[in-house]
Amino acid sequence: MNTTKASTYQGKPTIALVVPCFNEQEVLPESANILLDVLNKMTSEGIANKESFILFVNDGSKDNTWCIIKNLHDSDPRFKAISLAHNRGQQSAMLAGLLTAKNMCDAAITVDADLQDSPDAIIEMVKKFAQGTDIVYGVRSSRATDSWAKRFTARTYYKLQAAFGLDTVYDHSEFRLMSRRALEMLSDYDERTLYLRGIMPHIGLISDTVSYDRRARLAGNTKYSPIALLSVAIDGITAFTAKPMRIIFSVGAFLLILDIIVAIYVLVSYLQGNAVSGWSSLMLSVWFLGSLILISLGIVGEYIGKIFVEVKHRPRYAIMEQLL
């Protein structure tokens, strides 16, 4: 990771805290107060100006999330918001917030509404930005609070990403600071299959990290099911590398060589009169090759599906209402 510093930021920057929300009525009142305290602290310390704000992105919530956000906006103009016309997922909601804030701030920080990512780390991010860093990643200092299964799957996923050639920031989710320059460059990425964690290192600007201890949710339950997490993992790999298809080709080539060897063995056995019907080996081969074919078709299908989505160039989101 590049940690060489550029010239320091001159003056007090305008900071935007971008908070995607989906059915967060239980946690939103408390998290809004905590984030407002962070803004006040940054202003009092002189590392951000009074124009800094919090931008909520309502991702098609079905509960009272949008009503709560409107009340917050009425109580303090630093609470700003946009509401998407339909639930588009965290990645699209986050992008909508970032692109909305792009021309209103000097740097934007994405943070989940549950505030499991430490608000104190926000101040450290802004300080690094003031020193000339364009992208600051929030990185968990420990996974001690996770179950063994969650730690294992997370580590395996990061190692798979690295094996497939992706630039990976270990133990980083979506908690990060981006300068306006980084936001401008992000706006040039027109893909529909979004994986912001993969795009950030690809942008290639000066970056650094801030470590923090992940906390328990303030209230409510996580909106990410195991299936949703698996979907994000698949998108993260297939959106940035074609290596899975190359692996399919390599496995196919290996099986072809193995098939030739087996064919020679069978032919020699037949000529020597030693051929014996092998029901077990035949059935195992059929099931193995059948499973391999279906897996291969599934991987190829993932890429074809992404091509199908990309070529239609449909909007990634639609903003229904704004409170700016």
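Between M42 and V38, some side-chain heavy-atom pair lies under the 4.5 Å cut-off. No side-chain heavy atom of R78 sits under 4.5 Å from any side-chain heavy atom of I54. Taking 4.5 Å as the limit, some side-chain heavy atom of C105 sits within range of a side-chain heavy atom of L183. In this structure, the side chains of L39 and S52 come closer than 4.5 Å at one or more pairs of heavy atoms. You'll find the side chain of K12 stays beyond 4.5 Å of the side chain of K50, heavy atoms only. Side-chain contact between M320 and N58 is absent, with no heavy-atom pair separated by less than 4.5 Å. Using a 4.5 Å heavy-atom threshold, the side chains of E45 and I123 count as touching.
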Tell me, with the steps shown, if Y189 and L95 meet side chain to side chain contact (heavy atoms under 4.5 Å, CB included).
CA-CA 11 Å; Y189 285 75; L95 182 69; over 6 Å; no
Full working for side chain to side chain contact (heavy atoms under 4.5 Å, CB included) between E30 and I34:
CA-CA 6 Å; E30 185 175 356; I34 293 174; 4.2 Å; yes
Yes or no on side chain to side chain contact (heavy atoms under 4.5 Å, CB included) for L84 and I319, after CA distance, side-chain angles and deciding distance?
CA-CA 4 Å; L84 304 188; I319 297 177; 4.0 Å; yes
Do W66 and L323 pass the side chain to side chain contact (heavy atoms under 4.5 Å, CB included) test, and can you show the C-alpha distance, the side-chain angles, and the key distance before you say yes or no?
CA-CA 11 Å; W66 184 238; L323 302 172; 3.8 Å; yes
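Applying the side-chain contact (heavy atoms from CB on, under 4.5 Å) rule to E184 yields the partners K102, N103, R180, S187; only residues at least two apart in sequence or on another chain are considered.
Within the 3.5 Å criterion, the main-chain N or O of N64 finds a donor-acceptor partner in the side chain of Q25. In this structure a side-chain-to-backbone donor-acceptor pair under 3.5 Å is present from D106 to T14. Remark: the backbone N or O of K128 is paired with a side-chain donor or acceptor of T133 at under 3.5 angstrom. Without hydrogens or angle criteria, T65 side chain to E24 main chain gives a donor-acceptor distance under 3.5 Å. Although no hydrogens or angles enter the test, the distance criterion places a donor-acceptor pair under 3.5 Å between the side chain of N71 and the main chain of C67. Within the 3.5 Å criterion, the main-chain N or O of E174 finds a donor-acceptor partner in the side chain of T110.
Separating the CD1 atom in I15 from the CZ atom in F53 is a distance of 9.5 Å, to the nearest 0.5 Å. Rounding to the nearest 0.5 Å places CG of L186 at 5.0 Å from CD1 of I203. Interatomic distance, I47 CD1 to M125 CE, rounded to the nearest 0.5 Å: 12.5 Å. Here L324 contributes atom CG and K80 contributes atom NZ; the two are 6.5 Å apart, rounded to the nearest 0.5 Å. Atom CG of N40 sits about 5.0 Å away from atom CG of L36, to the nearest 0.5 Å. Between atom CG of residue D134 and atom CD1 of residue I206 there is a gap of 5.5 Å, rounded to the nearest 0.5 Å.
Minimum interatomic distance between N23 and S61 (heavy atoms only, all atoms of both residues): N-OG, 2.9 Å. Nearest heavy atom pair, residue L99 against residue R316, reads CD1-NH2, 4.4 Å. Taking each heavy atom of L177 and S179 in turn, the nearest pair found is CD2-N, 4.1 Å. Scanning both residues, F175 and I109, for their nearest heavy atoms gives CE1-CG2, 4.0 Å. Here the shortest heavy-atom pairing between G97 and V18 reads CA-CG1, 3.8 Å. When all heavy atoms are compared, the tightest approach of T100 to A96 is OG1-O, 2.7 Å.
Residues D120 and Y212 bring no donor and acceptor atom of their side chains to less than 3.5 Å of each other. Inspection of the Q90 and D112 side chains reveals an N or O donor paired with an N or O acceptor under 3.5 Å.
Around the CD atom of E51, the shell of radius 6.0 Å holds no more than 12 heavy atoms that belong to other residues, nucleotides or ligands.
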